[in-house]
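Chain A is the first sequence line, chain B the second, and so forth, proteins listed ahead of strands; every chain is numbered from 1. Keep in mind it's a predicted model, so treat the numbers as computed, not measured. All heavy atoms count here, side chains included; hydrogens, waters and symmetry mates do not.
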Amino acid sequence: MIEYSDFSKKVIKLIKSIPKGNVATYGLIAKLAGRPQGSRGVGWLLHSSTRKHHLPWQRVIKSGGKLSFPEGANAYFLQKELLEKEDVIFLNGRIDLKKYLWKKITLF
DNA sequence: GTTTTGACAGTAT
DNA sequence: AATACTGCCAAAA
């Protein structure tokens with residue numbers, strides 16, 4: 001049975017490990033997965049694997065704390081709402097990465 | 001095996 | 001600040 005690449009598996013695992021109330025950027029995920037510049041692969045995997053693995057895709061955002069969708073898109077508001085439900089507050093349309101960026105610490 | 005797509009990031013203009 | 005261009009990676013067609 002063919003499986004995903006190590007990169008993909010790591011990405012999936014990492015995303016599943018994002019604690020509630022935290023967010024991660026594509027670049028960060030890619031970096032942790034071993035491909036510092038594979039943010040696009042992460043994005044692809046994310047939307048592609050979300051069906052198979054119930055991934056918290058809403059916790060994965062673009063650099064700078066911005067969502068991956070243009071304002072006005074239905075998915076944008078959906079994601080925003082999901083995040084706010086998890087105590088992630090939006091400031092001026094962006095997330096405060098200083099507070100919510102997942103640093104892979106999880107030493108709660 | 002080559003081309004296309006995809007929910008990106010970084011730099012330059 | 002906003003846009004354009006480039007670099008990068010993985011999966012599907």
Measure from [atom1] on [X] to [atom2] on [N] and round the result to the nearest Å.
X: A:Leu46; N: C:dA10; atom1: CG; atom2: P; result: 16 Å
X: A:His53; N: C:dA11; atom1: NE2; atom2: C1'; result: 13 Å
X: A:Lys31; N: B:dG10; atom1: NZ; atom2: C1'; result: 13 Å
X: A:Trp57; N: B:dG6; atom1: CH2; atom2: P; result: 17 Å
X: A:Lys10; N: C:dA11; atom1: NZ; atom2: P; result: 14 Å
X: A:Lys66; N: B:dG10; atom1: NZ; atom2: P; result: 10 Å
X: A:Leu28; N: B:dG10; atom1: CG; atom2: C1'; result: 16 Å
X: A:Arg59; N: B:dC8; atom1: CZ; atom2: C1'; result: 21 Å

Would you say the side-chain atoms of A:Ser68 and A:Tyr76 include a donor-acceptor pair closer than 3.5 Å? no
Would a 4.5 Å heavy-atom cut-off, applied to side chains only, mark A:Phe7 and A:Val42 as touching? yes
Side chains of A:Leu67 and A:Phe90: does their closest heavy-atom pair fall under 4.5 Å? yes
Compute both the distance and the angle, then confirm whether A:Lys62 meets the cation-pi test with A:Tyr26: under 6.0 Å from the six-membered ring centre, within 45 degrees of the axis. no
For A:Ser48, report the nucleic acid contact type (base, sugar-phosphate, nothing); a contact means any heavy atom under 4.0 Å. nothing
Does OP1 or OP2 of C:dA11 have a side-chain N or O of A:Ser8 closer than 4.0 Å? yes
Base, backbone or nothing for each nucleotide of nucleotides 4-9 of chain C, written B, S, -, heavy atoms under 4.0 angstrom, 5' to 3'? ---BBB
Contact residues, residues 94-101 of chain A to DNA chain B [heavy atom, < 4.0 Å]: none
Using a 3.5 Å distance criterion without hydrogens, assess whether the side chain of A:Thr25 forms a donor-acceptor pair with backbone atoms of A:Leu28. yes
If you measure from NZ on A:Lys9 to CG on A:Leu14, what distance do you get to the nearest 0.5 Å? 13.5 Å
Can you establish whether the number of heavy atoms outside A:Lys52 located under 6.0 Å from its atom NZ is more than 12? yes
Counting only heavy atoms not in A:Glu81, do more than 12 sit closer than 6.0 Å to its CD atom? no
For A:Gln79 against A:Ile61, the heavy-atom pair lying closest together: NE2-CG2, 4.0 Å
